[in-house]
Trainee: 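Below you'll find the structure I mean.
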Amino acid sequence: MRGATHAKWAACAVTVALAATACGGGGSDGGGGDGSGIVSSSWGDPQNPLEPANTNEVQGGKILDMVFRGLKRYDPKTGEAKDMIAESIDTKDAQNFTVKIKDNWKFSNGEKVTAKSFVDAWNYGANLKNNQKNAYFFGYIEGYDKVHPEKGDPSAQTLSGLKVVDDKTFTVKLSQKFSTWPDTLGYPAFAPLPKAFYDDHQGWLSKPVGNGPYKVDSYTKGSKMSLRKWDGYPGDDKARNGGVDMKVYTDNNTAYTDLMAGNLDLVDDVPASQLKNAKNDLGDRYINTPAGIIQTLAFPFYDSKWNKDGMEKVRQGLSMAINREQITETIFQKTRTPASDWTSPVLGEKGGYKEGLCGDACDYDAAKAKKLVEEGGGIPGGTLKVTYNADTGSHKEWVDAVCNSINKALGKDKACVANPVGTFADFRSKASKQELDGAWRAGWQMDYPLIQNFLEPVYFTDAPSNDGKYSDKEFDKLVNEANGETDTNKAIGKFQDAEKILAKDMPAIPLWYQNGSAGYSDKVSDVSLNQFSVPVYNEIKVN
Amino acid sequence: MGRYVIRRLLQMIPVFIGATLLIFLMVNVMGDPVAGLCGDRKCDPATATQLKKEFGLDKPVWQQYLTYMGNVFTGDFGTAFNGQKVTELMSAAFPVTIRLTVVAIVFEIVIGISLGVLTGLRRGRPVDTVVLLLTLVVISIPTFVTGLVLQLLLGVQWGVIKPSVSSEAPFNELLIPGLVLASVSLAYVTRLTRTSIAENRRADYVRTAVAKGLPRRRVITRHLLRNSLIPVVTFIGTDVGALMGGAIVTERIFNIHGVGFQLYQGILRQSTQTVVGFVTVLVLVFLVANLIVDLLYAVLDPRIRYA
């Protein structure tokens, strides 16, 4: 009896030992350089169901970028909107467009991509009863107010501005002139959808079918998605690897540790705490490139204290009191670039980015800052409260730093205080209901690389993301003119004129442009990030 | 005994209602969850209204709570914001956490009780002092430090384990996370057993057993240990609930997609349905574990009767 017990224990010990070593083995699939290797990549759990018109954050966007191709695609290097499925998009008056699509496109289930695939998908996305969070992308198309009324039920089921001409052609009528509208069509919300999407919606959501270089092999919600190269893909940006395994991490520190241990090939968001080591750990395999994200401090124009004359001087003074160089260097390890306009360098000179447009208001000058704030009548209430959400994104560090910088420049201990809010949802809820006083962090991540996207949704009167309720007639007029301008160069000039009004009024203080940071293992090469700080997965090679 | 169990079960009802109501109110106080769904921009008002209607957020809180509880009794825990049924989330998360908890409890029982018996019998000897010091060290270091250090050493430096657990989370990958999760409780179990053993060693019934000429092994396991286990069992019983709910830190470090992960995600996204659903189940686990502990007393000490 006693002997038997001993034997049992020994067996247990051996099992444990074996199990432990089993954990050590393995690793990612081999495959060699023949394009069949599998890339493993970190991922975050998408917040919304994975539908093109319902995905508004990076994590879901990554998948859409692999599984879908739309009429246009933004060049991963230059950001230029290039025709993908579109054969041509023509207009004479910047309001009526004729879209012709290429012949050879198919969904990975064999279905053909036709004009109807687009029109149906857009109608679905715009319709209020489908609850699509990106519905407003279709807001420029005529008839949007019928399918997506501000109150009550929709009075029409389809957009009156969309008409299918034949299998290869459809026409779009916009409700206003918008010359650069075709360039917005690279956004995933405009992707075509196969019939399967409507026939078996739940089934489609658990395993999306698209027309991109990858198809979904398996999807365990909340933990893993395996994507495999689709051999029938007709586009010229075919996948150069056999597939991508996306693994959900709650904590990007763990993802980074996994990368260090050779357990993961790609981390597309290096945690702030590791930025200092990343260069040492990874060498060339650390990527730090600009992305279309700008961080600003917004002000409450709905509050008369901030909206009276002279306040623009106070805001300019506050802007001058922030030492952007120092903060980006010490806190962000140069993964942010001090901002000097309201757009992003990824647009390029041609796309409307203009360095220094903000003028000396964005340069640090403590003495002048103090003078300006005093001239303008001082900070309302004597103290500027800067609200941010404390749950994600390590905002605390930089808000504290910004406040320190302001306090030092103005020579007062309590000129600026940080005001953390528990969750992002709560923060957004307060901001969108105009419940914040003082200033708050206002990030803007572009939807498409156009200067219009950095200005109109954020500063136009009553625009959806104009949380501070800034309003200026001249600015609105210039933006409208720019949208009606068919000549791109002239349009961009108008947008920049509008931006100069922002420099004068300072409705939001530009802080810095955000970079995308990523790291990868020596098992893969040709890794890069596009302007949305999303890895260009189809170009990754497995060595 | 039967009546005792029924009474205990009835007592659970108010505790259950109270606990869920509190959680429900707390999550609701945090504000409008729909605002966070649209990222850094404002949801367009029509869609926001529509979403609120769909999740039942447009009604007063008491009405939401009543509907919610009504649904819970029919097994419907609602839908999380990403469109998944909460029951679906649970069926993915609970097995993983239960495995992790089992690993942790086994560690507690095997290592904790063995060390406790060992040191209790050798009180004051060097081995006792060493173990006491060790448990002191373990208790004073926070779990996330132990976790991160083990992850770095075993996972990155020596390559013995994978630093993160795969989505299937099999038992062998959960050994180290389980040990980390168990560490603090393990130290307590050791100390509790040690004290209890040392105390009972001089009890009359032990002396009688020895005088009867029973083998030492039998005296220790049957007489001494059985009576000394009551405080330990109480502790381990309540620990089951604590481990399941408190695994957030460990699960985060090792990227285990269990209850802690879902709760964390639910709180960040202010998903009432997810948070309340998971906490409801955790409350039940707590209550049942406590009941089982109380029933185990009689098994360990036949003198205990239930009325």
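Every heavy atom of this structure was used, including side-chain atoms; hydrogens, water molecules and symmetry mates were not. Model, not experiment: these values are computed from the prediction. Convention: sequence-line order gives letters A, B, ...; per-chain numbering from 1.
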Trainee: Which residue pairs pass the salt bridge (Lys or Arg N to Asp or Glu O under 4.0 Å) test with at least one member in residues 247-264 of chain A, sequence neighbours excluded?
Mentor: A:Lys247-A:Asp258, A:Asp251-B:Arg252
Trainee: Can you name the salt bridge (charged side-chain N to carboxylate O under 4.0 Å, His left out) partners of B:Lys52, sequence neighbours left out?
Mentor: B:Asp32
Trainee: Could you have a look at A:Asn48, A:Val248, A:Asp45 and say which one has the most heavy-atom pairs with chain B under 4.5 angstrom?
Mentor: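 Option with the greatest count: A:Val248.
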Trainee: Using the side-chain contact (heavy atoms from CB on, under 4.5 Å) rule, take A:Asn263 and B:Ser164 through it: C-alpha gap first, then chi angles, then the decisive distance, then the call.
Mentor: CA-CA 8 Å; A:Asn263 202 12; B:Ser164 73; 4.0 Å; yes
Trainee: Report which part of A:Asp447 has an atom under 4.5 Å of a heavy atom belonging to chain B: side chain, backbone, both, or neither.
Mentor: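 Just the side chain, heavy atoms under 4.5 Å.
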Trainee: Rounded to the nearest 0.5 Å, what separates atom CG in B:Asn255 from atom OG in A:Ser42?
Mentor: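 Spacing of CG (B:Asn255) from OG (A:Ser42) equals 10.0 Å.
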Trainee: Atom CD1 in B:Ile256, atom OG in A:Ser223: separation rounded to 0.5 Å?
Mentor: 13.0 Å
Trainee: Using heavy-atom distances under 4.5 Å, tell me whether B:Gln84 contacts chain A through its side chain, its backbone, both, or neither.
Mentor: side chain
Trainee: Does any backbone or side-chain atom of A:Gln47 lie under 4.5 Å from a heavy atom of chain B? Answer side chain, backbone, both or neither.
Mentor: both
Trainee: Which region of B:Phe171, side chain (C-beta onward) or backbone (N, CA, C, O), has a non-hydrogen atom less than 4.5 Å from a non-hydrogen atom of chain A, or is it both or neither?
Mentor: neither
Trainee: With a 4.5 Å cut-off on heavy-atom pairs, point out which of B:Phe261, B:Tyr264, B:Phe81 contacts chain A the most.
Mentor: B:Phe261
Trainee: First locate atom CG of A:Asn453, then atom OH of A:Tyr448, and finally report the distance between them rounded to the nearest 0.5 Å.
Mentor: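 These two atoms lie 5.0 Å from each other.
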Trainee: Select one option (side chain, backbone, both, neither) describing which atoms of A:Thr250 are under 4.5 Å from chain B's heavy atoms.
Mentor: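 Contact with chain B is through both the backbone and side chain of A:Thr250.
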Trainee: Hey, which residues of residues 457-465 of chain A are touching chain B, say heavy atoms under 4.5 Å apart?
Mentor: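 Within residues 457-465 of chain A, near chain B: A:Pro464, A:Ser465.
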Trainee: With no hydrogens and no angle check, just 3.5 Å: does a side-chain donor-acceptor pair link B:Thr47 and A:Asn131?
Mentor: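 No - no donor-acceptor pair under 3.5 Å links their side chains.
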Trainee: Select one option (side chain, backbone, both, neither) describing which atoms of B:Thr49 are under 4.5 Å from chain A's heavy atoms.
Mentor: neither
Trainee: Between chain B and each of A:His148, A:Gln132, A:Glu57, count heavy-atom pairs under 4.5 Å; write down the option with the most.
Mentor: A:His148
Trainee: Which is it for B:Arg269 and B:Thr274 under the side-chain contact (heavy atoms from CB on, under 4.5 Å) test, yes or no, and what are the steps along the way?
Mentor: CA-CA 10 Å; B:Arg269 293 176 182 175; B:Thr274 319; over 6 Å; no
Trainee: Set out, in order, the CA-CA distance, both residues' side-chain angles and the distance that settles ring pair (Phe, Tyr, Trp, His ring centres under 6.0 Å) for A:Tyr187 and A:Phe137, then state yes or no.
Mentor: CA-CA 9 Å; A:Tyr187 193 79; A:Phe137 274 92; 4.1 Å; yes
Trainee: Report which part of A:Asn56 has an atom under 4.5 Å of a heavy atom belonging to chain B: side chain, backbone, both, or neither.
Mentor: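 Just the side chain, heavy atoms under 4.5 Å.
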Trainee: Who passes salt bridge (charged side-chain N to carboxylate O under 4.0 Å, His left out) against A:Asp269, sequence neighbours left out?
Mentor: none
Trainee: Does any heavy atom of chain A fall under 4.5 Å from the side chain of B:Gln265, the backbone, both, or neither of them?
Mentor: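 Just the side chain, heavy atoms under 4.5 Å.
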Trainee: Tell me, side chain or backbone of B:Gln262 under 4.5 Å from chain A's heavy atoms, or both, or neither?
Mentor: neither
Trainee: Does B:Phe94 have its ring centroid less than 6.0 Å away from the ring centroid of B:Phe278?
Mentor: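 Distance test on ring centres: under 6.0 Å, yes.
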Trainee: With a 4.5 angstrom heavy-atom cut-off, could you sort out which part of A:Asn54 is near chain B: side chain, backbone, both or neither?
Mentor: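 No part of it gets close to chain B.
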Trainee: Using a 6.0 Å cut-off, check whether atom NZ of A:Lys469 has over 12 heavy atoms from anything other than its own residue.
Mentor: yes
Trainee: With a 4.5 angstrom heavy-atom cut-off, could you sort out which part of B:Leu268 is near chain A: side chain, backbone, both or neither?
Mentor: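 The answer is both parts of B:Leu268.
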Trainee: What part of A:Lys224 is in contact with chain B, defined as an atom under 4.5 angstrom from a non-hydrogen atom: side chain, backbone, both or neither?
Mentor: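 For A:Lys224, the side chain is the part near chain B, not the backbone.
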Trainee: Check each atom of A:Gln202 against the heavy atoms of chain B and say whether the ones under 4.5 Å are side chain, backbone, both or neither.
Mentor: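 When you check distances to chain B, no heavy atom of A:Gln202 falls under 4.5 Å.
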Trainee: Looking at A:Arg428 and A:Asp467, does any basic side-chain N land under 4.0 Å from a carboxylate oxygen?
Mentor: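 Answer for the salt bridge query: yes.
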Trainee: Between A:Tyr144 and A:Phe138 (judged by ring centroids, cut-off 6.0 Å), do the two rings come close enough to count as a pair?
Mentor: no
